[in-house]
Number of protein chains: 4
Amino acid sequence: MCPKIVDKKLKRQQLVKAAVGVFSERGFKGTSMEEVSLRAGIGKGTIYEYFGSKEDLFYACFDWFMKMTIDQAAEALKECTGSEEKLRTAARVWTEVVIRYIDFCPIPLEVWAMASTGSDNERFSTSLKEMYASFRTSIEEMLREGQASGEFRRDMDVTAIAIMLVSAFDGVLLQSLFDRSIHISSYMNSFLDVLVRGMKPDLRKG
Amino acid sequence: MCPKIVDKKLKRQQLVKAAVGVFSERGFKGTSMEEVSLRAGIGKGTIYEYFGSKEDLFYACFDWFMKMTIDQAAEALKECTGSEEKLRTAARVWTEVVIRYIDFCPIPLEVWAMASTGSDNERFSTSLKEMYASFRTSIEEMLREGQASGEFRRDMDVTAIAIMLVSAFDGVLLQSLFDRSIHISSYMNSFLDVLVRGMKPDLRKG
Amino acid sequence: MCPKIVDKKLKRQQLVKAAVGVFSERGFKGTSMEEVSLRAGIGKGTIYEYFGSKEDLFYACFDWFMKMTIDQAAEALKECTGSEEKLRTAARVWTEVVIRYIDFCPIPLEVWAMASTGSDNERFSTSLKEMYASFRTSIEEMLREGQASGEFRRDMDVTAIAIMLVSAFDGVLLQSLFDRSIHISSYMNSFLDVLVRGMKPDLRKG
Amino acid sequence: MCPKIVDKKLKRQQLVKAAVGVFSERGFKGTSMEEVSLRAGIGKGTIYEYFGSKEDLFYACFDWFMKMTIDQAAEALKECTGSEEKLRTAARVWTEVVIRYIDFCPIPLEVWAMASTGSDNERFSTSLKEMYASFRTSIEEMLREGQASGEFRRDMDVTAIAIMLVSAFDGVLLQSLFDRSIHISSYMNSFLDVLVRGMKPDLRKG
DNA sequence: GATGAATGAGCATTCATTCAT
DNA sequence: CATGAATGAATGCTCATTCAT
């Protein structure tokens, strides 16, 4: 007669929010759809109105994490000009995200594990690969920009630095999770001080 | 009086070997004890003669990975003298392990995921914490040695560098898993070139 | 909004009914949840919507048997006045229950066995102890009432008679199970004739 | 060459002794052959040199309990002359056995439960039936002897009394197990005082 | 004779998903 | 639209029994 009008988008988001919490606490396999529905305050069956499967729901959670991170980075980078500044801003945003959302960081870990095992989780490994490629490329661009502008040495392996920086960022997430007493932002800065010094052109020749 | 004589130690190791393969392919939850037993060519019940539970078996797999890595590193570091040499050797061993055992690298990923979620897997998170602490300390020692000998600058944050290097190593494992076309060893070297340059004392003042 | 409406109480009872049958035929350990579900005409998993575990289900079966017996006794005793009448009524009800529900009498036997072994089935032994204490007390009251009214001798050990009567009742259940040709009700009556005669005050002195 | 010479009879008995303990503590299903072998201080496989199956072993335990009881009763009754004396002696022996072997009384309980459920335990129910029939007959004989000698009334239902006495004996075993604080021997005596009084011929007519 | 390593049938329990209401 | 009762496939684990030594 009069189908209830529901803001599907909104409800979907609320569902993801609840799911992100449960998945973070219990892991993918350890999470039951029932607990998610309880946490979201809806019926168990209702989840399936919004997501086709548990995996779909989990993917949406991961997607939320990724998009959120990318948005924060994009926002912050908008106002940056220098290459070093960009690099340091990217690092800062990442550490801020890790610190702020540390409770949800088990989600990317789960995704890593899922993507690395089983051939059926194609979708996760593809997503990850794309994401990493995009991150790497962004970093590479910053570095190349710096080379062009003379900020950075020309004889360094830009791809290598980019890959290793992305690696270090991921690793920082790990370390933070396993030892929450670590203050990553200052460590990240100190580390970048040294690395950037190594990337600067030789002054002796100036 | 004359019971069947079996080398339990050896059989246990063979079992771990089979299990490492299955866990790597399917993940912890995705692996059934039956499949492990099939792969090992023994009966399902026999596994329980050697391991008390699925988790015990998995822990043994992780333990194998850890010990193997540590052994390789210890072996290689025995012959090193200089600080930079040690650092580079550690990095080389790690990349070699990652490349050589790339198929089994999902195991540490699983452990990361398990340790980050759920409060029950105490044993995994404790092991991880200890392992990382030990790695960090080793690197710190190398760096401090280098500072003492004048190889490295005295004004750098040794702890920060150590944490970030460990992070980078972990991240490298991740990147390798998700994009097997990456040649990490050369990247690792190029990266260390830059980083070490940043750690070297200022020559201008010489 | 319009979930399936089910009378959970009723379904629970039906489930108990089916379970009582299977447990009686096969014993606790010999009964598989699958067989119960088959007998009840529902899915295996559905049982767990109503009972947390096999033991819970079995306890409900025992509870059903106890409550049913107690109810019948209470109902019949309501209309009794004299002490001897009460005693004979209790005996009659018990024999009627045993005869009527002889097929389900293996259930109390199982409970006896469970309660006597293992320290875990606390719940069963506690229940049994309480039940027996209550039975004994009821009988004792009847006897004391009879003593007060002069129906029964004052120099008999009321507690002893009560305990032994309860014992005899239990034993009757056993004998009935193992030899279904026994007609317990007439035997019970003849026995009570003799016992009651022994409990009557000495007439010589009258 | 020289097969070890073993007193099979003796070892069998030791095995039964160990098994009686474990079965009493854990019940039939709760007992593992391994634990029995451990308790007996022999290898798991060795049990099968003496007993064809777990059920065989358990049956031997029950048999031990039965035979032991019967022996004690036979021994004690040898010296009895009067009917009442015999009756009281039988009761005394039974209570003594129950008190002395209370820790092993779960075994008959288990047998009751096994015999009452499942059609496969033919052997247990047959044994029980025979044993009870024999007990009943013995008691009946005592009572009839008493009638013949004028000790007991002629108008009582001997079969009924016999059945109910056997019942009461069984019940006493139960009550003792569930409430170990009960002092059955005095209760048994007080009870027999009353019952025997009821069985005595009417003195008024004397 | 004695052993204990190996086995695999058997079972309680979980949980993603469906669908009648 | 929303629900939660119902389902049954899937799985970790146990243990009586066998048999090579």
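Fair warning: this is a prediction, and the values are worked out from it, not measured in the lab. Sequence lines set the chain letters: A, B, ... in the order given, protein chains first and strands last, and positions in each chain run from 1.
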Q. Nearest nucleotide by nearest heavy atom, which residue falls closer to the 5' end of DNA chain E, D/Gly41 or A/Phe28?
A.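 Whichever sits nearer the 5' end wins; that is D/Gly41.
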
Q) Can you list the residues that meet the side-chain hydrogen bond (donor to acceptor under 3.5 Å, both in side chains) rule with B/Lys9, with sequence neighbours excluded? A)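 Expected list: none.
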
Q. What pairs with B/Tyr59 under side-chain hydrogen bond (donor to acceptor under 3.5 Å, both in side chains), at least two apart in sequence or on another chain?
A.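 Partners of B/Tyr59 under the side-chain hydrogen bond (donor to acceptor under 3.5 Å, both in side chains) test: B/Ser127.
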
Q: Measure from the side-chain heavy atoms of B/Lys44 and tell me the nearest of F/dA5, F/dC13, F/dT7.
A: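 Nearest to the side chain of B/Lys44 among the choices is F/dC13.
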
Q. Which of these nucleotides, F/dT11, E/dT13, E/dA9, is closest to any side-chain atom of B/Ser32?
A.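 Within the option list, the nearest is F/dT11.
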
Q: Quick one: list whatever passes salt bridge (Lys or Arg N to Asp or Glu O under 4.0 Å) with A/Glu55, sequence neighbours left out.
A: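 For A/Glu55 the salt bridge (Lys or Arg N to Asp or Glu O under 4.0 Å) partners, ignoring immediate neighbours, are A/Arg123.
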
Euclidean distance, atom [atom1] of residue [X] to atom [atom2] of [N] [Å, nearest integer]:
{"X": "D/Arg12", "N": "E/dA2", "atom1": "CZ", "atom2": "P", "answer": "14 Å"}
{"X": "D/Arg26", "N": "F/dT14", "atom1": "CZ", "atom2": "P", "answer": "15 Å"}
{"X": "C/Leu38", "N": "E/dA12", "atom1": "CG", "atom2": "P", "answer": "13 Å"}

Q | Any pair counted as side-chain hydrogen bond (donor to acceptor under 3.5 Å, both in side chains), so long as it reaches residues 34-47 of chain A, sequence neighbours left out | A |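 Counting only pairs at least two positions apart or across chains, the side-chain hydrogen bond (donor to acceptor under 3.5 Å, both in side chains) contacts touching residues 34-47 of chain A are A/Glu25-A/Arg39, A/Arg26-A/Glu35.
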
Q: Mind running a 4.0 Å heavy-atom check of residues 45-58 of chain B against DNA chain E and sending the residues that fall below it, in number order?
A: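 Going residue by residue through residues 45-58 of chain B, the ones with a heavy atom under 4.0 Å of DNA chain E turn out to be B/Gly45, B/Thr46, B/Glu49, B/Tyr50.
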
(Q) Walk me through whether B/Phe124 and B/Phe58 qualify under ring-ring contact (aromatic ring centres under 6.0 Å, His included). (A) CA-CA 10 Å; B/Phe124 289 97; B/Phe58 183 62; 5.7 Å; yes

**Q.** Base-pairing string, 5' to 3', of DNA chain E - Watson-Crick or wobble, under 3.5 Å, | interstrand
**A.** .||||||||||||||||||||

**Q.** Residues in side-chain contact (heavy atoms from CB on, under 4.5 Å) contact with A/Tyr48, at least two apart in sequence or another chain
**A.**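 Scan of A/Tyr48 (side-chain contact (heavy atoms from CB on, under 4.5 Å), adjacent residues dropped) gives A/Met33.
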
Q) Sequence neighbours excluded, which residues qualify as side-chain contact (heavy atoms from CB on, under 4.5 Å) partners of B/Asp103? A)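 side-chain contact (heavy atoms from CB on, under 4.5 Å) check on B/Asp103 returns B/Arg180.
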
Give the table of side-chain donor-acceptor pairs shorter than 3.5 Å for residues 105-114 of chain A, with sequence neighbours excluded, one pair per line with atom names and distance.
{"residue": "A/Glu110", "atom": "OE1", "partner": "A/Phe28", "partner atom": "N", "Å": "3.3"}
{"residue": "A/Trp112", "atom": "NE1", "partner": "A/Tyr132", "partner atom": "OH", "Å": "3.1"}

